[in-house]
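Input: a single structure, listed below in structure tokens.
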Amino acid sequence: MAQLWGGRFTKQTDQLVFDFNASITFDKRLFHEDVTGSIVHATMLAKQGILTEEERKSIIEGLTGILEDVDAGKLTIDETQEDIHSFVEATLIDRIGDAGKKLHTGRSRNDQVALDMRLYTRARVAETDGLLEKLLEAILDTMENNLETYMPGFTHLQKAQPITLAHHYGAYFEMFKRDRQRLADIYKRMNYCPLGAGALAGTTYPLDREYTAKLLRFEGPTLNSIDSVADRDYLIEFLSALSTIMMHLSRFSEEIIIWNSNEYQFVELDDAYSTGSSIMPQKKNPDIAELVRGKTGRVYGALMALLTTMKGLPLAYNKDMQEDKEMAFDAMDTVADCIALFTGMIKTMKFRKDRMAKSAMNGFTNATDAADYLVGKGVPFRDAHGIIGRLVLYCIEKDTSIDALSLEELRSISDKFDEDIYDAISLKTCVEKRLTIGAPGAEMMKQVIEKNKEYLKTNAIEVYQQALEDRIQ
């Protein structure tokens, strides 16, 4: 059992206790962040005269060598160590001797792990943002190519009014755009450096925390040493944002599953994103969409677990906070995989435009427009509503649609109908005359698509980070 503490203890930790307490099996994921933070810490210690230049050089060369050897597969992370911090420091001491023992000067594992987790999470926020950007590009491409792909819009899972596929996809564009805005907010809010907070009360060494923050590309140092080591709300925020992303992916997946069913046949999934049945040879199942929908609960679970862990903890650090990692890592991986797979699925998906249009025609989605037609002929809306209701009932009894009725049949219900009714209630007319911004009309959709293209040219996280880089320079 390898530990960086023990002077105050008179016997070895029980092996079961050590195994239960150890975190290296999962926090080894923070290896790169731990080495980076240690290099910067050593650089700052030398700048402040706490380390000699020779000690700084030896420590940094040692850390760089460890990093390169692990990355090259020449060195394996030793899982008999208590945590990744212990492995890095013990390996450093083994390689460079007493100089390695000075690395931890002015630092606690509390602020060290707070830094590592913050660096790691910051990178995963940016990674998630990049994946969402690719998803939005795929959605926008579908929108641009389907301005006149007519389909039913739904409320209560019942056909309501005619829209276009571009309009329907545009709703998800807005959702995922807001998800990216949340990520950008989280990135900026969490971008403060906890290193130098010590165990909870800072240190008597003359650290330059501003310099440390600058080297690590943070906005600045955290302003309360207790909060620095006791805070995980940035991670809770990220898990909340990931949960919202998964909720949006799950809703989209649910619709694709419905559209892919034999009853709808709106879409055909690419073979590469479908599976078959071991017993039913005719089956082509939307497993990717179903798994995305299913894994949403897994991400929700990570959020609820961390909220529950944190809700009763007194200040400052408590060992409970070690539980911030495993499920958070799993949630980050799950969301990244889901976004990437979902993007591939929708990019290769084919649309049955004829089925979509026929479904809109047969679902009385133009009933509201028929009522508006009568209003235009001088019929009060409430009376028009009743007339069209009777007309729909007549169509149901005859198993037909409003469009298919003869003018004679239409006039048997209201003498206000004329030849122009057929053009007034065509899918194209119903959609195209909706010309307010945000509506499905092609001209409005073109304006929205141009706005979305402009939006995608600017990455909020990159802009913020570049502004910070410029300021640091």
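Using cut-offs of 30° and 60° on the angle between ring planes, the pair Y264 and F266 is perpendicular.
Distance check: Q112 CD to D83 CG gives 8.0 Å after rounding to the nearest 0.5 Å. Taken from NE2 in H41 to CG in L207, the straight-line distance is 6.5 Å, to the nearest 0.5 Å. Interatomic distance, CG of L235 versus CZ of R124, reported as 11.5 Å (0.5 Å rounding). Once rounded to the nearest 0.5 Å, the distance linking CG of N260 with CD of E290 reads 9.0 Å. Put simply, CE on M117 and CD on Q322 are 11.5 Å apart, with the number rounded to the nearest 0.5 Å. Going from atom CD1 of I59 over to atom CZ of R95 covers 14.5 Å, rounded to the nearest 0.5 Å.
A salt bridge links R56 to E53: at least one charged side-chain nitrogen sits closer than 4.0 Å to a carboxylate oxygen. K134 and E137 are not joined by a salt bridge, as no carboxylate oxygen comes within less than 4.0 angstrom of a charged side-chain nitrogen. Using a 4.0 Å cut-off between a side-chain N of Lys or Arg and a carboxylate O of Asp or Glu, R29 and D333 qualify as a salt bridge. Under the 4.0 Å criterion applied to side-chain N and carboxylate O atoms, K188 and E219 are not assigned as salt-bridge partners. Using a 4.0 Å cut-off between charged nitrogen and carboxylate oxygen, D179 and R182 count as a salt-bridge pair. With respect to E254 and R251, no salt bridge is recorded, no charged nitrogen being found less than 4.0 Å from a carboxylate O. Note on K284 versus D271: salt bridge recorded, some NZ/NE/NH1/NH2 to OD/OE distance being below 4.0 Å. Remark: R118 engages D231 in a salt bridge, criterion side-chain N to carboxylate O under 4.0 Å.
Aromatic rings of F329 and F26 (six-membered ring for Trp) have centroids beyond the 6.0 Å cut-off, not under it. Aromatic pair F176/F342: centroids not less than 6.0 angstrom apart.
A donor-acceptor pair under 3.5 Å is formed between the side chain of N318 and the backbone N or O of A316. At least one donor-acceptor pair under 3.5 Å links the side chain of T164 to the backbone N or O of H167. In terms of modelled atom types and a separation under 3.5 Å, the side chain of T458 and the main chain of Y455 share no donor-acceptor contact. Checking side-chain atoms of D129 against main-chain N and O of V125 turns up no donor-acceptor pair under 3.5 Å.
Taking the ring centre of Y211 as origin, the terminal cationic atom of K47 falls inside the region bounded by 6.0 Å and 45° from the ring axis. A cation-pi contact, defined as under 6.0 Å to the ring centre and within 45° of the axis, is absent between K28 and F87. By the 6.0 Å and 45° rule, R189 does not stack over the aromatic ring of Y234.
The only member of F154, W259, F351 that meets ring pair (Phe, Tyr, Trp, His ring centres under 6.0 Å) when paired with H168 is W259. The one candidate from T64, D71, V70, I66 that meets the side chain to side chain contact (heavy atoms under 4.5 Å, CB included) condition with E68 is T64. When each of R232, M321, M304, E323 is tested with T309 by the rule side chain to side chain contact (heavy atoms under 4.5 Å, CB included), just one qualifies, namely E323.
Minimum heavy-atom separation, I257 to A289: CG1-CB, 3.7 Å. Counting all heavy atoms, side chain and backbone alike, P286 lies closest to L269 at CB-CD1, 3.5 Å.
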Original post:
Going through the distances and angles, do S359 and K159 end up as a side-chain hydrogen bond (donor to acceptor under 3.5 Å, both in side chains)?
Top reply: CA-CA 9 Å; S359 178; K159 296 171 187 176; 2.9 Å; yes

Subject >> CA sep, side-chain torsions, deciding dist, call: R109, E82, salt bridge (Lys or Arg N to Asp or Glu O under 4.0 Å) >> reply: CA-CA 12 Å; R109 275 194 302 181; E82 184 178 357; 3.4 Å; yes

**OP:** List the steps, then state whether side-chain hydrogen bond (donor to acceptor under 3.5 Å, both in side chains) holds for D287 with Y273.
**Re:** CA-CA 8 Å; D287 280 11; Y273 290 89; over 6 Å; no

**OP:** With side-chain hydrogen bond (donor to acceptor under 3.5 Å, both in side chains) as the test, would you mind laying out the steps for S58 and E61 before giving the verdict?
**Re:** CA-CA 5 Å; S58 177; E61 285 179 354; 5.9 Å; no

**OP:** Could you please spell out the steps behind the salt bridge (Lys or Arg N to Asp or Glu O under 4.0 Å) verdict for K102 and E55?
**Re:** CA-CA 8 Å; K102 296 187 176 183; E55 289 168 334; 2.4 Å; yes

**OP:** Decide yes or no on side-chain hydrogen bond (donor to acceptor under 3.5 Å, both in side chains) for N146 and T142, but give the supporting numbers first.
**Re:** CA-CA 6 Å; N146 288 278; T142 299; 5.2 Å; no

Original post:
So E54 and K57, salt bridge (Lys or Arg N to Asp or Glu O under 4.0 Å) or not? Walk me through it.
Top reply: CA-CA 5 Å; E54 185 178 346; K57 184 178 179 182; over 6 Å; no

